[in-house]
Amino acid sequence: MTTLANRLNTALLVIDVQYGVVKGAYERDRIVANIGSLIEKARLQRVPVVWVQHTSEQLPRGSNDWQIVPELTRNDAEPLIEKLYGDAFENTNLETVLSRFGIGRLIVVGAETDACIRSTLHGAFVRGYDATLVSDAHTTGDHTAWGAPPPDQVIAHTNLYWRYQTAPGRTAGTVKTEDVAFDAL
């Protein structure tokens with residue numbers, strides 16, 4: 001249970017599912033489809049969907065690579081958090097947006113597993129949020145040229161260690177797309 005007072009609601013946090021981020025990512029189409037199904041499910045259950053979009057030298061604001069992939073469509077009423085750092089909380093208004101909706105529990109999906117997903121999961125957890133990673137709804141590119149393990153191993157390892165993450169008064173863990181329950185606390 002979250003350590004944040006009066007924050008009993010859940011949100012789906014969709015991180016960096018942008019052309020330039022998921023282009024060539026491991027099992028891209030399957031992951032994007034899973035994220036799409038979770039967005040639909042969240043909307044049907046009136047669970048807030050919060051979008052996160054990264055800007056950098058490689059992803060200049062307004063460029064094609066910066067855009068959300070066409071398979072996913074953000075509703076105008078859904079918050080969009082623009083970020084410059086891996087952790088979506090860092091130097092953004094994400095905390096303010098989540099507070100406004102009374103959110104203390106995050107269901108996390110998106111890219112890249114070994115960068116913005118990992119950073120945001122840890123950022124949420126240390127700030128008092130319950131943080132659940134959807135094990136088959138996050139991905140990464142192949143960074144083996146820089147010494148990283150292959151993408152499937154990065155994803156498997158992240159799922160493994162987040163499944164057993166613990167801290168006082170907070171919950172973490174992983175869940176498959178088909179088993180996501182937005183109302184479960």
Side-chain angles (χ1 to χ4, degrees), residues 1-18 21 31 34-55 68 72-139 155 158-185:
M1 187 63 102
T2 178
T3 62
L4 303 170
N6 301 313
R7 303 274 286 273
L8 302 177
N9 296 326
T10 299
L12 177 65
L13 191 62
V14 181
I15 300 174
D16 300 350
V17 190
Q18 298 162 252
V21 177
I31 300 301
N34 286 348
I35 293 168
S37 71
L38 288 167
I39 291 168
E40 288 179 32
K41 184 176 181 178
R43 288 173 179 160
L44 285 171
Q45 295 181 22
R46 300 188 190 279
V47 169
V49 178
V50 179
W51 298 77
V52 177
Q53 197 166 13
H54 193 82
T55 300
I68 302 294
L72 306 178
T73 304
R74 180 182 150 260
N75 291 344
D76 289 339
E78 295 170 341
L80 173 63
I81 308 301
E82 294 187 34
K83 69 179 179 67
L84 300 172
Y85 303 101
D87 180 355
F89 287 91
E90 191 67 42
N91 203 30
T92 70
N93 67 337
L94 179 57
E95 169 56 28
T96 302
V97 167
L98 298 175
S99 177
R100 186 174 67 229
F101 288 105
I103 294 165
R105 179 176 178 247
L106 298 173
I107 307 295
V108 177
V109 300
E112 283 194 295
T113 300
D114 43 352
C116 299
I117 294 295
R118 184 185 68 208
S119 295
T120 300
L121 281 168
H122 287 280
F125 207 58
V126 300
R127 287 172 174 88
Y129 289 87
D130 293 338
T132 300
L133 177 62
V134 183
S135 62
D136 57 353
H138 64 98
T139 189
I155 293 164
T158 303
N159 287 337
L160 174 68
Y161 86 76
W162 200 254
R163 182 179 309 127
Y164 299 107
Q165 185 71 28
T166 60
R170 287 157 283 168
T171 60
T174 61
V175 64
K176 289 186 176 186
T177 295
E178 64 193 29
D179 298 324
V180 169
F182 289 111
D183 57 354
L185 290 176

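The structure displayed is predicted, hence computed values, not measured ones. We count residues from 1, following the sequence as given.
Asp87 contributes a side-chain N or O that, together with a main-chain N or O of Phe89, makes up a donor-acceptor pair within less than 3.5 Å. Using a distance-only test at 3.5 Å, with no hydrogens or angles considered, no donor-acceptor pair links the side chain of Thr166 to the main chain of Thr171. A distance-only check finds a donor-acceptor pair linking the side chain of Thr113 to the backbone of Thr139 [under 3.5 Å]. A distance-only check finds a donor-acceptor pair linking the side chain of Asn159 to the backbone of Ser135 [under 3.5 Å]. A donor-acceptor contact shorter than 3.5 Å is absent between the side chain of Ser99 and the backbone of Glu95.
Between the CG atom in Asn93 and the CD1 atom in Ile81 there is a gap of 4.0 Å [rounded to 0.5 Å]. Atom CZ in Arg43 sits 6.0 Å away from atom CD1 in Ile39 (nearest 0.5 Å). Rounded to the nearest 0.5 angstrom, Thr120 OG1 and Ile15 CD1 are separated by 4.0 Å. Taken to the nearest 0.5 Å, the CG atom of Asp130 stands 10.0 Å off from the CG atom of Leu8. A distance of 9.0 Å separates CG in Leu121 from OG1 in Thr132, rounded to the nearest 0.5 Å. The distance from atom OG1 of Thr3 to atom CZ of Arg127, rounded to the nearest 0.5 Å, is 12.0 Å.
The nearest pair of heavy atoms linking Arg118 to Tyr161 is CG-OH, 2.9 Å. When every heavy atom of Ala42 is checked against every heavy atom of Val49, the shortest pair comes out as CB-CG2, 3.8 Å. When all heavy atoms are compared, the tightest approach of Gln165 to Phe125 is CG-CE2, 3.6 Å. Across all non-hydrogen atoms, the minimal contact from Thr92 to Glu82 is CG2-O, 3.5 Å. Across every non-hydrogen atom of Trp51 and Thr73, the tightest pair is CZ2-O, 3.7 Å. The two residues Leu98 and Ala11 make their nearest non-hydrogen contact at CD2-CB, 4.5 Å.
Checked by atom type, the side-chain pair Thr177/Asp136 shows a donor-acceptor distance below 3.5 Å.
Within the 4.5 Å cutoff, the side chain of Ile155 has heavy atoms near those of the His138 side chain. Counting heavy atoms from C-beta outward, Lys83 and Cys116 have side chains that approach closer than 4.5 Å. In this structure, the side chains of Ile103 and Pro48 come closer than 4.5 Å at one or more pairs of heavy atoms. You'll find the side chain of Ile107 reaches within 4.5 Å of the side chain of Val134, heavy atoms only. Contact of the Thr174 side chain with the Trp162 side chain is registered, since non-hydrogen atoms from C-beta on lie closer than 4.5 Å. In this structure the side chain of Asp16 never reaches within 4.5 angstrom of the side chain of Glu112, judged on heavy atoms. When side chains are defined from C-beta on, Ile68 counts as touching Gln18, because their heavy atoms get closer than 4.5 Å. In this structure, the side chains of Ile35 and Leu72 come closer than 4.5 Å at one or more pairs of heavy atoms.
Heavy atoms of other residues, nucleotides or ligands lying less than 6.0 angstrom from CG of Asn6 number 12 at most. Surrounding OH of Tyr85 are at most 12 heavy atoms belonging to other residues, nucleotides or ligands under 6.0 Å away.
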Would Glu78 and Val14 count as a side chain to side chain contact (heavy atoms under 4.5 Å, CB included) if you check the C-alpha gap in whole Å, the side-chain angles of each, and the deciding distance to 0.1 Å? CA-CA 11 Å; Glu78 295 170 341; Val14 181; over 6 Å; no
Show the numbers, then the answer: is there a side chain to side chain contact (heavy atoms under 4.5 Å, CB included) between Phe182 and Thr10? CA-CA 6 Å; Phe182 289 111; Thr10 299; 4.1 Å; yes
